[in-house]
Amino acid sequence: MKYKQIIKGHYDNKGAVKAIDIVNNKPLTKDYFKTRPDMKQRVEKAINTKTYLASYQRGTRLGYKWITKEEKEQFMGKEPPIKGVEVKTKVDFKNATPPKNFFINELKWKFLIRNIEKGKNIMMTGPSGCGKTDATFKAAEQLGKKVHYFNLGATQDPRSTLIGNTHYNKDTGTYFSESLFVHAIQQENAVILLDELSRAHPEAWNILMTVLDPIQRYLRLDEKDDSPTIKVANGVSFIATANIGMEYTATRVIDRAILDRFSLFEMDVLGEDDEYTLLKSKFPFINEKELLEICSIIGDIRKEIKSDSPRISTMISTRNTIEIAELLMDGFNIHEAAELLIYPLFPNDGNDSERVFIKQLIQKYVGKKSKTPLFEISDLDK
């Protein structure tokens with residue numbers, strides 16, 4: 001039997017009847033029940049008998065029957081109510097866990113997995129080097145989906161990157177070549193990674209407006225003959241990464257209309273213990289004492305940037321920390337690694353400069369053991 005509605009009801013915490021038509025994804029409001037007391041009675045019977053109220057066409061009117069959970073699942077599994085949306089869950093989101101040696105909040109990991117599986121959009125924000133891009137690839141890999149990568153921050157011509165180019169051939173004349181992006185959005189269940197969206201040209205945002213909209217989901221190829229409309233395939237998920245903050249000078253304030261097309265997802269910076277575990281797994285033969293010291297230094301720097309009156313303007317990312325650990329593996333000491341990879345990140349513009357503060361912080365850990373002086377005479381004279 002083909003049902004017009006399948007209504008799921010429950011009592012709220014005040015004892016009022018609440019219901020939703022799960023076939024059409026439409027709630028039955030309080031006003032609806034006022035005009036249809038007969039429906040309220042039917043829904044209450046469904047609640048009390050732990051069944052679903054289903055309606056079907058009976059001549060010119062609707063007939064009603066109460067069906068079991070198994071009957072509901074059988075019907076909705078065979079005929080999904082909304083085109084392109086899977087009714088049955090393919091992935092056990094509640095038990096999804098991050099891969100080993102990749103540290104991310106488990107709740108956020110489940111949310112990322114869930115959105116990708118359901119073809120929803122996510123904007124991942126957080127400091128540079130905190131693992132936004134890596135998280136996307138690892139989540140897609142866990143789900144067995146392909147990632148199509150587009151670095152919008154490096155795009156000088158958004159129309160050619162997202163739509164395509166017109167070319168000329170002396171034998172065949174002018175022709176239009178579709179972009180890789182056009183091909184990617186037509187792949188069912190694909191993951192489209194829009195990296196560095198906060199650095200993209202505003203024209204790229206304008207092009208993406210209809211693509212990212214959960215209702216429209218199309219791209220118009222204006223440069224091509226007849227301006228065809230390309231529909232986004234079923235199950236495609238768009239994952240954008242963005243750096244937000246005053247220190248990212250090359251970024252733009254993202255248009256609110258673009259933001260509204262994403263669920264925001266904030267990547268956390270690793271804690272000291274997790275960072276140590278990560279580095280130890282990547283560099284198992286590194287000197288443990290040096291590794292603990294470098295994690296403590298990085299931890300203190302991150303605590304300072306989060307303080308009420310920070311004396312520095314940036315922090316050390318996990319990407320930077322991995323580079324520092326690589327130097328330690330190659331025989332450099334902590335002082336040398338700091339000289340090469342930490343100090344250049346902080347301005348040196350006076351006796352109270354950020355670099356002097358960082359050198360003083362590092363001195364607590366390596367000052368007495370370093371054969372090379374942490375402070376040059378020029379530092380102290382400023």
Side-chain angles (χ1 to χ4, degrees), residues 103 125-132 153 196 198-199 241-253 266-280 282-283 286-382:
F103 296 90
T125 66
S128 177
C130 68
K132 299 185 293 295
E196 304 287 358
S198 52
R199 299 175 186 273
T241 69
N243 298 127
I244 298 176
M246 293 297 293
E247 62 184 300
Y248 303 106
T249 57
T251 61
R252 294 180 170 90
V253 177
E266 186 176 19
M267 282 290 290
D268 301 314
V269 178
L270 290 186
E272 197 171 312
D273 292 344
D274 284 343
E275 193 142 49
Y276 174 84
T277 304
L278 172 65
L279 295 177
K280 190 63 181 174
K282 287 182 171 289
F283 309 100
I286 203 168
N287 182 288
E288 289 188 3
K289 192 172 182 180
E290 280 192 321
L291 189 57
L292 284 169
E293 287 178 339
I294 199 64
C295 287
S296 296
I297 290 169
I298 302 305
D300 283 355
I301 291 174
R302 290 176 182 165
K303 288 175 186 175
E304 177 63 27
I305 197 69
K306 291 181 179 179
S307 66
D308 292 336
S309 301
R311 286 165 285 184
I312 53 178
S313 58
T314 191
M315 68 173 189
I316 309 298
S317 70
T318 299
R319 184 188 296 139
N320 296 141
T321 309
I322 291 172
E323 292 181 20
I324 292 168
E326 288 177 350
L327 288 184
L328 298 182
M329 273 294 295
D330 292 336
F332 293 79
N333 60 40
I334 292 178
H335 167 67
E336 292 167 335
E339 189 72 39
L340 294 168
L341 297 177
I342 297 179
Y343 298 156
L345 296 174
F346 301 92
N348 185 23
D349 51 7
N351 198 36
D352 294 327
S353 69
E354 293 185 19
R355 187 172 303 184
V356 169
F357 171 79
I358 292 296
K359 287 186 176 183
Q360 290 172 341
L361 186 152
I362 293 175
Q363 190 176 36
K364 293 191 304 182
Y365 296 94
V366 300
K368 294 181 180 179
K369 295 174 287 183
S370 177
K371 295 180 181 179
T372 308
L374 288 179
F375 291 94
E376 301 293 339
I377 297 297
S378 57
D379 289 333
L380 299 175
D381 286 344
K382 287 181 179 178

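When reading the values below, keep in mind they use all heavy atoms of this one structure, side chains included, and skip hydrogens, waters and symmetry mates.
Residues satisfying the salt bridge (Lys or Arg N to Asp or Glu O under 4.0 Å) criterion with Arg311, sequence neighbours excluded, are Glu304.
Annotation: the span from Arg355 atom CZ to Phe346 atom CZ amounts to 9.5 Å, rounded to 0.5 Å.
Counting only distance, with no hydrogens or angles, the side chain of Arg302 and the backbone of Ile316 share a donor-acceptor pair below 3.5 Å. At least one donor-acceptor pair under 3.5 Å links the side chain of Lys132 to the backbone N or O of Gly126. Under the 3.5 Å distance criterion, the side-chain polar atoms of Thr318 are left unmatched by any main-chain donor or acceptor of Cys130. Between the Glu336 side chain and the Asn333 main chain, a donor and an acceptor come within less than 3.5 Å of each other. Proximity of a side-chain donor or acceptor of Lys280 to a complementary backbone N or O of Ile286 within less than 3.5 Å is detected. In this structure, the side chain of Asn320 engages the main chain of Ser317 through a donor-acceptor pair within 3.5 Å.
Looking only at side-chain heavy atoms (C-beta outward), Tyr276 and Ile294 stay at 4.5 Å or farther from each other.
Counting only residues at least two apart or in different chains, salt bridge (charged side-chain N to carboxylate O under 4.0 Å, His left out) contacts with residues 312-328 are absent.
One side chain, Asp300 or Tyr365, offers a donor N or O that lies under 3.5 Å from an acceptor on the other. Side chains of Ser313 and Glu354: a donor-acceptor N/O pair is present below 3.5 angstrom, by distance only.
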